[in-house]
Every structure is written in structure tokens, then in C-alpha cells.
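Comments concern the structure below.
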Amino acid sequence: MTFPHVIWTLRRTGGTTLATLLADLSDFPGVQHEPFNAERIFGEVTRNWTATRDAGRLRDDMQRVLARRPVIKHCVELVPEPVNDALLTVSASLGYVQIVLDRRADVDRILSLELARHTGAWGKAEARRVHEAVQSGERSLPPIDIAAAATHLRACDQRRRGMHARFADHGIAPFVVHFEDIYADPARGRDTVAALTAFIGIDRFAVADYDARVEEALLTKGQKSARLLDRVPNIDEARAALEEVRRPSA
């Protein structure tokens, strides 16, 4: 028996690659990533909530868009918290399993996000074009706005804590996986994806090209933004400042 799933994540965790792979393997329909962002396919749910603050309508809207049980990749920092609440409540009632994708190197995640904001390099093709332009000298990268990056890091951490508190309140134990568990080492990545597919109920042995799909996701996908970060003029200063934000207070 397979289950529909929600991947709860933050931007720049490798979620697009993982979500696409799992959606392709799932028996349930796929849908545009981050579908509850205001401008996307289920954005009406978020826009209605913002306009009305009507909790009953929010739940009804959520019930309607999840009726076909599409698999969802959702970034928790991009919508109001009541939308996050409704997504968990309704999806759980419809038999969804919950997956959390995070990144241990949170400073790297924030730096990658700031770089994408400045350059427009949100995908692999755009990142390649920007890297080639920088390498050739046609383009230079701006410095990181350290204050803005630190503010966003703190906001994401607050959303992360809220997400886990929400799971606890509902008595739900999500499958928690980290970017590094998937992409740092191909062998560990294969094992992690195998555990994820088992959690969802997918019989990977029944998928003829399962190994090829996983290999492609682990080895050829992604944006390789680290090579661009090395060209940011204040990268060392930005990294040190963000590490200081992350450091626990005495």
C-alpha cells in the first residue's frame, strides 16, 4: 500500500530534486512544487486566507485542493502559519505521510538562497549561465547583504521550530532527512532514498528503472551553487557573521 506524502522543507535544501524523484515514483499525482505560494497552482488557498482570515474557509479550501491527494513539496517559510496548520491537519486526515527535509549546514543554505536572490540562478541552467558569465569576467557578483541574511536565518529557524512543534501537537512522527544524507555520499544517498520509498510504501523492486532514476537524481541534478559562492566578494565575512548567529548563547 502506498501513501501520498508532503515534503516539509525550507528553500535551498535540495528539495526540488528529491521531490521530483519521489513524485515520479509515487502512485499519486504530482503537482507544481510549493503549490501554496500565492502565485502558484493552489495559491488561491493562501490568498483567500490572507484576504478573509476565515479558518473554516481555509480548511474547506485545503480539503478541496487535496481531494485527489497530490504529492506536495512545501516550503514552510513562504506561507502564513495558519496555512501550514491547515496543510498538516487536512493531509493527515487524508492519510498522507509526512517527510521533513532539512539541511545541517544551515549557513550554507542561507548563503545559497541569498546568492539565488541576487543572481536569479534558481535552477541548474540559470546557475550554469551565471557561473560561465562570472568566470569569463562578463559579470561580477554583489556582496551578500549580511543583515538581511541574518534576519532570514532567524526567521527560518523560528519556522523550523514551529513545524516540529506542530508535528508533536498532532502526535505525528515525520520521516526526517537531511540534505547531507542524500547528496554528500552516493552510497548513503541510495540507502536514504530506499528508506524514504519504503516509508511511503513504494516497492522499489517493482520499478524497472529505479536504480537509474536514483543515480540520475544523486549524481547529475542540483545547481552546484558552491562554486558561485566562492566568487562572492564578502563571502568569508558573511559566513562568519551567520555562524555567529547560529552559535548558541552561553
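As a basis for the values below, the full set of heavy atoms in this structure was taken, side chains included, without hydrogen atoms, waters or symmetry mates.
- Closest heavy-atom contact between Asn84 and Val76: ND2-O, 3.2 Å.
- Within 6.0 Å of CZ in Arg64 there are more than 12 heavy atoms belonging to other residues, nucleotides or ligands.
- Screening residues 38-67 for ring pair (Phe, Tyr, Trp, His ring centres under 6.0 Å) gives Phe36-Phe42 as the qualifying pairs, with residues at least two apart or on separate chains.
- Side-chain N/O atoms of His170 and Thr89 include a donor and acceptor closer than 3.5 Å.
- To the nearest 0.5 Å, the span separating CZ on Arg12 from CZ on Phe179 amounts to 10.0 Å.
- Between Ile202 and Asp27 there is no side-chain heavy-atom pair separated by less than 4.5 Å.
- Side-chain N or O atoms of Arg246 include none that pairs as donor or acceptor with a backbone N or O of Val107 at under 3.5 Å.
- In this model, no donor atom of one side chain and acceptor atom of the other lie less than 3.5 Å apart for Thr192 and Asp181.
- Closest non-hydrogen pair, Pro35 versus Ile72, comes out as CG-CD1, 3.8 Å.
- A salt bridge is absent between Arg213 and Asp24: the closest approach of a Lys/Arg side-chain nitrogen to an acidic carboxylate oxygen does not fall below 4.0 angstrom.
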- [ ] Under the side chain to side chain contact (heavy atoms under 4.5 Å, CB included) rule, what do His74 and His33 come out as? Steps first, then yes or no, please.
- [x] CA-CA 7 Å; His74 178 67; His33 296 318; over 6 Å; no
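- Atom CD of Gln158 sits in a sparse spot, with 12 or fewer heavy atoms from other residues, nucleotides or ligands closer than 6.0 Å.
- Contact record, Val232 with Pro143: CG1-CA, 4.3 Å, taken as the closest heavy-atom pair.
- One hydrophobic cluster holds both Leu22 and Val207 under the rule that ILVMFWY side chains link at heavy-atom gaps under 4.5 Å.
- Here the CG atom belonging to Leu94 is positioned 6.0 Å from the CG atom belonging to Leu66, to the nearest 0.5 angstrom.
- Ser93 places a side-chain N or O within donor-acceptor distance of the main-chain N or O of Val90, the cut-off being under 3.5 Å.
- Using a 4.5 Å cut-off between side-chain heavy atoms of Ile, Leu, Val, Met, Phe, Trp and Tyr, Val71 falls into a hydrophobic cluster with Phe28.
- Between the side chain of Asn37 and the main chain of Glu39, no donor-acceptor pair closer than 3.5 Å is present.
- Remark: Asp203 CG to Leu25 CG distance equals 11.0 Å, nearest 0.5 Å.
- The distance from atom CG of Leu87 to atom CZ of Arg166, rounded to the nearest 0.5 Å, is 9.0 Å.
- Side chain to side chain, Thr16 and Lys73 meet the donor-acceptor criterion of an N or O pair below 3.5 Å.
- Linking Ile, Leu, Val, Met, Phe, Trp and Tyr whenever their side-chain heavy atoms come within less than 4.5 Å leaves Val97 and Val100 in two separate clusters.
- With a 4.5 Å cut-off on side-chain heavy atoms, Arg117 and Arg11 count as touching.
- Remark: side-chain polar atoms of Tyr183 are not paired, donor with acceptor, to backbone N or O of Gly189 under 3.5 angstrom.
- Phe175 pairs in a ring-ring contact (aromatic ring centres under 6.0 Å, His included) with only one of the listed residues (Phe199, Trp8, Tyr96), which is Phe199.
- Considering all non-hydrogen atoms of both residues, Arg160 and Leu10 come closest at NH2-CD1, 3.2 Å.
- Under the 3.5 Å distance criterion, the side-chain polar atoms of Asp209 are left unmatched by any main-chain donor or acceptor of Ala212.
- Every residue meeting the side chain to side chain contact (heavy atoms under 4.5 Å, CB included) condition with Ala149, not counting sequence neighbours, appears here in chain and number order: Ile110, Glu114, Ile144, Leu242.
- Here the OG1 atom belonging to Thr13 is positioned 13.0 Å from the CZ atom belonging to Arg104, to the nearest 0.5 angstrom.
- The OG1 atom of Thr52 sits 8.0 Å away from the CG atom of Leu58 when rounded to the nearest 0.5 Å.
- Across every non-hydrogen atom of Pro80 and Thr50, the tightest pair is CG-OG1, 4.3 Å.
- The shortest distance between side-chain heavy atoms of Ile99 and Pro174 does not fall below 4.5 Å.
- With sequence neighbours excluded, no residue forms a ring-ring contact (aromatic ring centres under 6.0 Å, His included) with Tyr210.
- No donor-acceptor contact under 3.5 angstrom links the side chains of Glu237 and Asn234, judged on distance only.
- Residues Ala105 and Glu180 approach most closely at N-OE2, 3.0 Å, considering heavy atoms.
- No path of Ile, Leu, Val, Met, Phe, Trp and Tyr side chains, each step under 4.5 Å between heavy atoms, connects Leu101 with Leu78, placing them in separate hydrophobic clusters.
- Val193 and Val6 end up in different hydrophobic clusters when Ile, Leu, Val, Met, Phe, Trp and Tyr side chains are linked at under 4.5 Å.
- When hydrophobic clusters are built by joining Ile, Leu, Val, Met, Phe, Trp and Tyr residues whose side-chain heavy atoms come closer than 4.5 Å, directly or via intermediates, Ile182 is not grouped with Val176.
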TODO: List the steps and the verdict of side chain to side chain contact (heavy atoms under 4.5 Å, CB included) for Glu138 and Glu132.
DONE: CA-CA 9 Å; Glu138 296 174 18; Glu132 289 172 354; over 6 Å; no
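- In summary, Asp236 and Arg239 do not engage in a salt bridge, as defined by a charged side-chain N under 4.0 Å from a carboxylate O.
- With hydrogens and angles disregarded, a donor-acceptor distance shorter than 3.5 Å links the side chain of Thr197 to the backbone of Ala194.
- Each of Leu88, Val45, Asp85 was compared with Met62 under the side chain to side chain contact (heavy atoms under 4.5 Å, CB included) criterion, and only Val45 meets it.
- Taking Arg40 as the reference, Glu34 meet the salt bridge (charged side-chain N to carboxylate O under 4.0 Å, His left out) condition, with sequence neighbours excluded.
- Phe3 is linked by a ring-ring contact (aromatic ring centres under 6.0 Å, His included) to nothing, counting only residues two or more places apart in sequence or in another chain.
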